[in-house]
Peer 1: 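Quick one: this structure, given as structure tokens, is what I'll be asking you about.
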Amino acid sequence: QVQLVESGGGSVQAGGSLRLSCTASEYGPSSSYRQYCMGWGRQAPGLGRVVVATIGRDGSTWYSDPVKGRFTISRDNAEATLYLQMSGLKPEDTAMYYCQARPGCGVTQYWGQGTQVTVSS
């Protein structure tokens with residue numbers, strides 16, 4: 001089992017930047033953070049949660065179209081920490097941002113409690 005704790009959210013004006021962090025703690029049978037596929041999802045009020053960026057075990061990345069070119073996902077396996085550097089923020093980026101972990105890149109997934117990002121125009 002994995003516990004994920006996000007931080008770094010806040011309120012910024014349009015065009016600003018934020019860096020989100022997600023620290024993972026593992027419990028139970030031995031496992032390795034570096035074997036996880038990781039990602040960031042977000043949920044705006046009244047809408048469902050959508051994944052906006054992922055990073056694989058080999059460091060390969062994927063971004064949804066709305067954030068491509070503005071957001072950068074990265075990971076520090078030694079610190080079991082995931083990052084999301086967000087720049088050029090827009091009001092439509094306002095949402096609760098959640099960290100996702102998939103052990104072995106399988107179907108099992110864990111989510112953190114989220115960190116709020118608010119972008120004002």
Side-chain angles (χ1 to χ4, degrees):
Q1 191 169 353
V2 180
Q3 182 178 6
L4 304 169
V5 178
E6 302 95 335
S7 62
S11 297
V12 297
Q13 291 191 325
S17 299
L18 282 173
R19 188 195 197 200
L20 306 183
S21 299
C22 169
T23 301
S25 300
E26 301 171 74
Y27 304 91
S30 62
S31 57
S32 174
Y33 178 83
R34 66 181 66 248
Q35 296 301 320
Y36 292 3
C37 282
M38 301 295 297
W40 288 96
R42 68 185 183 185
Q43 185 168 15
L47 299 177
R49 187 178 302 181
V50 295
V51 176
V52 297
T54 64
I55 185 166
R57 291 175 290 192
D58 60 356
S60 58
T61 58
W62 170 88
Y63 300 93
S64 65
D65 285 343
V67 308
K68 194 175 298 182
R70 300 186 298 120
F71 290 9
T72 302
I73 188 171
S74 61
R75 64 191 296 168
D76 183 336
N77 290 332
E79 297 296 327
T81 301
L82 180 73
Y83 301 99
L84 185 68
Q85 178 67 48
M86 306 184 294
S87 60
L89 284 163
K90 305 175 181 179
E92 51 264 44
D93 294 319
T94 295
M96 186 73 79
Y97 282 72
Y98 298 90
C99 176
Q100 179 200 55
R102 291 192 295 122
C105 302
V107 296
T108 300
Q109 54 185 314
Y110 299 94
W111 293 93
Q113 293 300 305
T115 185
Q116 178 68 39
V117 172
T118 302
V119 184
S120 58
S121 57

Peer 1: Mind checking side chain to side chain contact (heavy atoms under 4.5 Å, CB included) for Gln43 and listing every partner two or more places apart, or none if nothing turns up?
Peer 2: Arg49, Tyr98

Peer 1: Taking only distance into account, with no hydrogens and no angle test, what donor-acceptor pairs under 3.5 Å do side-chain atoms of residues 4-18 form with protein atoms, sequence neighbours excluded?
Peer 2:
residue, atom, partner, partner atom, Å
Glu6, OE1, Gln113, N, 3.1
Glu6, OE1, Gly114, N, 2.9
Glu6, OE2, Cys99, N, 2.8
Glu6, OE2, Gly114, N, 3.3

Peer 1: Counting N and O atoms only, with roles assigned by atom type, does the side chain of Arg70 sit under 3.5 Å from a partner on the main chain of Gly88, one being a donor and the other an acceptor?
Peer 2: yes

Peer 1: Starting at CG of Leu82, measure out to CD1 of Ile73 and round the result to the nearest 0.5 Å.
Peer 2: 4.5 Å

Peer 1: Give a yes or no on whether the backbone of Thr81 and the side-chain of Thr23 come within a donor-acceptor separation of less than 3.5 Å.
Peer 2: no

Peer 1: Between Asp93 and Lys90, is the salt bridge (Lys or Arg N to Asp or Glu O under 4.0 Å) condition met? List the steps.
Peer 2: CA-CA 5 Å; Asp93 294 319; Lys90 305 175 181 179; over 6 Å; no

Peer 1: If you measure from OH on Tyr97 to CZ on Phe71, what distance do you get to the nearest 0.5 Å?
Peer 2: 4.0 Å

Peer 1: Under the side chain to side chain contact (heavy atoms under 4.5 Å, CB included) rule, what do Thr94 and Gln116 come out as? Steps first, then yes or no, please.
Peer 2: CA-CA 8 Å; Thr94 295; Gln116 178 68 39; 4.1 Å; yes

Peer 1: Check for me, please, whether Ile55 and Tyr110 land in the same ILVMFWY cluster - side-chain distances under 4.5 Å, paths through other members count.
Peer 2: yes

Peer 1: Indicate the atoms forming the closest heavy-atom contact of Ala53 with Tyr63, along with that distance.
Peer 2: CB-CD2, 3.7 Å

Peer 1: Quickly, which of Glu26, Arg57, Gln100 forms a side chain to side chain donor-acceptor pair (under 3.5 Å) with Tyr36? Name it, please.
Peer 2: Glu26

Peer 1: How many angstroms lie between CZ in Arg42 and OG1 in Thr115, if you round to the nearest 0.5 Å?
Peer 2: 14.0 Å

Peer 1: Using the rule that two of Ile, Leu, Val, Met, Phe, Trp, Tyr join whenever any of their side-chain heavy atoms come within less than 4.5 Å, decide whether Leu84 and Trp62 are in one cluster.
Peer 2: no

Peer 1: Kindly compute the distance separating CE (Met96) from OG1 (Thr118), expressed to the nearest 0.5 Å.
Peer 2: 8.5 Å

Peer 1: Please report the interatomic distance NZ(Lys68) to OG1(Thr61), rounded to the nearest 0.5 Å.
Peer 2: 10.0 Å

Peer 1: So which atom in Ser60 and which in Asp58 form the shortest heavy-atom distance, rounded to 0.1 Å?
Peer 2: OG-OD1, 2.7 Å

Peer 1: How long is the span from the CG atom in Leu20 to the CH2 atom in Trp40, to the nearest 0.5 Å?
Peer 2: 4.5 Å

Peer 1: Does the ring of Tyr33 carry Arg75 above it, NZ/CZ under 6.0 angstrom from centre and within 45° of its axis?
Peer 2: yes

Peer 1: In sequence, state the C-alpha distance, the side-chain angles, and the governing distance for Met86 and Val117, and then conclude on side chain to side chain contact (heavy atoms under 4.5 Å, CB included).
Peer 2: CA-CA 10 Å; Met86 306 184 294; Val117 172; 3.9 Å; yes

